[in-house]
Amino acid sequence: MRMVDVILKKRNGHVLTKEEISFFINGYTEGTLPDYQVSALLMAIYYSGMTEEETANLTEAMVASGETIDLSAIEGHKVDKHSTGGVGDKTTFIVGPLVASVGVPVAKMSGRGLGHTGGTLDKLESIPGFTIELDKEAFIEQVNTHKLSVAGQTGNLAPADKKLYALRDVTGTVDSIPLIAGSIMSKKLASGADSIVLDVKTGSGAFMKTMKESQDLARQMVTIGKHLGRNTIAVISDMNQPLGHEIGNANEVKEAIDVLLGKNIPDLRRLSLELAAHMTVLAEVFDSYETAYIELEKNLDNGKAFQAFRSFVEAQGGDISVIDNPDKLPKASYEIEIKAKETGYISSMDAELIGIAAMHLGAGRATKEDTINHGVGIRLLKKLGEHVSIDEPIAILFSDTNVARQSEEAMQQAYTLSDKKSDVVDLIHEVIK
Ligand code: URA
């Protein structure tokens with residue numbers, strides 16, 4: 001087989017066979033195909049797209065390019081959750097313990113943050129002592145004992161994706177829906193869960209800014225999951241404003257603890273229950289979404305989910321006294337108020353800009369090499385639809401410098417006010433099964 005023929009076939013809009021897709025994935029992973037030919041094929045895929053079957057074959061070949069995690073030593077039906085990346089998204093810290101609190105094992109491998117979205121591992125590391133480095137045996141043992149573990153990726157999962165993603169990044173081919181779907185699902189499938197719930201974000205802070213793109217991505221990922229024998233559901237959730245009020249690391253952990261202790265932070269609590277309900281139905285613990293939702297709500301309010309979080313943190317070496325007294329979490333030295341420039345209703349928020357403001361404070365990484373400052377971040381005092389008066393504080397920056405000009409400017413730009421109160425947007429747009 002010659003790579004040039006595969007490129008020409010896709011360039012001319014034809015469907016690639018399973019063998020052709022494996023040839024390109026294996027050749028690139030092993031280093032026998034040069035970057036320039038793979039770049040040309042990626043661009044042809046970008047323009048010509050892929051059928052459902054091609055995307056499933058692409059994903060399967062990427063999974064087969066490396067190790068897969070065998071979770072069969074964990075008793076019960078393993079469910080995983082994946083978010084396509086948002087701002088202020090700390091649902092894993094609520095969903096994981098909630099699902100664990102009804103006995104469903106969650107063996108979660110997470111990533112670090114890059115750019116405007118934060119990473120679960122970075123946030124967890126704001127708890128003193130917490131380790132995300134568990135070997136496979138410790139990871140499995142912890143899930144069997146505590147029903148929950150969140151660890152950094154171990155082993156060489158989907159190495160083809162790692163190489164391809166780096167190439168896409170510099171060839172203008174990141175935002176191709178079949179390539180994104182294959183990339184995300186290859187890592188999820190290699191991590192071994194029986195069922196997967198995807199939280200596909202849509203809106204100003206999401207990778208996918210429009211409903212149409214989000215639906216397309218969600219459908220393709222659900223189809224891949226099913227093709228490859230895993231029960232997969234996608235929830236399309238709104239990301240036209242950050243989730244909850246806190247954006248950063250330690251402050252996000254604290255906000256999650258508040259919800260686990262029964263505090264009603266409406267969007268955060270609602271989305272966490274939604275995702276957890278679907279996960280427990282897929283795990284066949286409840287026979288309907290409605291029953292699952294009601295039962296899980298009880299475990300948020302009676303402290304069982306909090307206890308599950310506490311024992312998970314303790315098992316991974318985290319200082320429990322910090323969980324019991326979250327004021328002991330790292331905190332920045334200065335608080336800088338962001339004040340409204342005019343009077344009106346908040347009609348839009350650029351969640352991506354807010355994420356970038358947090359990144360400039362040190363809560364996120366502009367490049368992979370940057371280090372995280374766990375104590376800095378942003379608290380939103382006002383969100384979509386709320387009324388503000390001129391000079392009223394709309395947000396607080398937690399900063400380790402007394403001036404944070406880039407972040408202050410980004411925050412001012414992120415809010416748009418109008419005279420009229422706009423309609424409240426739905427948090428859950430659609431569930432794709
Ligand atoms: N996240 C991924 O893991 N892959 C993509 O292609 C895009 C987002």
Side-chain angles (χ1 to χ4, degrees), residues 21 24-25 28-29 38-39 41-43 45-47 49-50 54-63 65-66 68-69 80-87 89 91-92 108-122 152-153 155-193 196-210 213-225 228 230 232 234-237 239 351-352 355 359 364-365 367-368:
I21 290 172
F24 127 67
I25 292 294
Y28 195 49
T29 312
V38 178
S39 305
L41 180 60
L42 291 172
M43 191 57 83
I45 292 173
Y46 178 90
Y47 280 111
M50 280 186 137
E54 281 179 296
T55 313
N57 287 337
L58 173 77
T59 312
E60 197 172 1
M62 292 207 286
V63 173
S65 72
T68 50
I69 307 279
D80 200 356
K81 158 214 168 239
H82 178 81
S83 151
T84 57
V87 180
D89 185 1
T91 51
T92 293
K108 185 154 177 53
M109 298 215 169
S110 278
R112 298 199 176 273
L114 186 63
H116 74 282
T117 61
T120 297
L121 299 181
D122 300 317
Q153 189 174 301
N156 190 22
L157 302 190
D161 175 62
K162 204 174 271 171
K163 281 191 86 173
L164 276 180
Y165 195 87
L167 191 61
R168 286 165 58 207
D169 208 19
V170 293
T171 54
T173 50
V174 167
D175 51 346
S176 148
I177 289 181
L179 294 178
I180 298 171
S183 164
I184 293 175
M185 289 304 286
S186 64
K187 286 170 287 200
K188 283 288 111 182
L189 295 167
S191 319
I196 302 162
V197 173
L198 300 161
D199 178 11
V200 177
K201 307 279 188 196
T202 189
S204 65
F207 211 54
M208 300 284 127
K209 309 280 184 215
T210 68
E213 291 169 320
S214 309
Q215 284 167 324
D216 209 0
L217 178 63
R219 282 199 195 104
Q220 293 205 23
M221 290 198 290
V222 169
T223 306
I224 294 170
L228 302 183
R230 314 291 170 91
T232 309
V235 173
I236 302 183
S237 72
M239 188 34 71
E352 182 167 344
M359 184 190 80
R365 295 184 184 81
T367 70
K368 276 193 198 138

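Heavy-atom basis, side chains included; hydrogens, waters and symmetry copies ignored. Each ligand, and each atom within it, is numbered from 1 in the order the structure gives.
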Discussion item. Below 3.5 Å, N or O to N or O, backbone or side chain included: is there any such pair between Tyr165 and ligand 1?
Written reply: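 Min N/O separation from ligand 1 is not below 3.5 Å for Tyr165.
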Discussion item. Is it the case that ligand 1 has an N or O less than 3.5 angstrom from some N or O of Asp161?
Written reply: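 There is no such contact.
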Fill in: Non-hydrogen atoms of Met359 and Arg365 that approach each other most closely
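Heavy atoms of Met359 and Arg365 come nearest at SD-O, 3.6 Å.
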Worksheet item: Do you know the tightest heavy-atom contact between Leu167 and Tyr28?
Response: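 Looking at all heavy atoms of both residues, the shortest contact is CD2-OH, 3.4 Å.
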[atom]: which protein heavy atom is closest, and how many Å away?
atom	value
atom 7 (C) of ligand 1	Phe207 CE2, 3.5 Å
atom 3 (O) of ligand 1	Lys187 NZ, 2.5 Å
atom 1 (N) of ligand 1	Ile184 CG1, 3.8 Å

Does [X] reach the main-chain N or O of [Y] with its side chain, forming a donor-acceptor pair under 3.5 Å?
X	Y	value
Arg230	Ala193	yes
Asp199	Lys201	no
Lys209	Ser204	yes

Worksheet item: Taking only heavy atoms of Ser183, which atoms of ligand 1 are found under 4.0 Å from at least one of them?
Response: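 In order of numbering, the contacting atoms are 2 (C), 3 (O), 4 (N), 5 (C), 6 (O).
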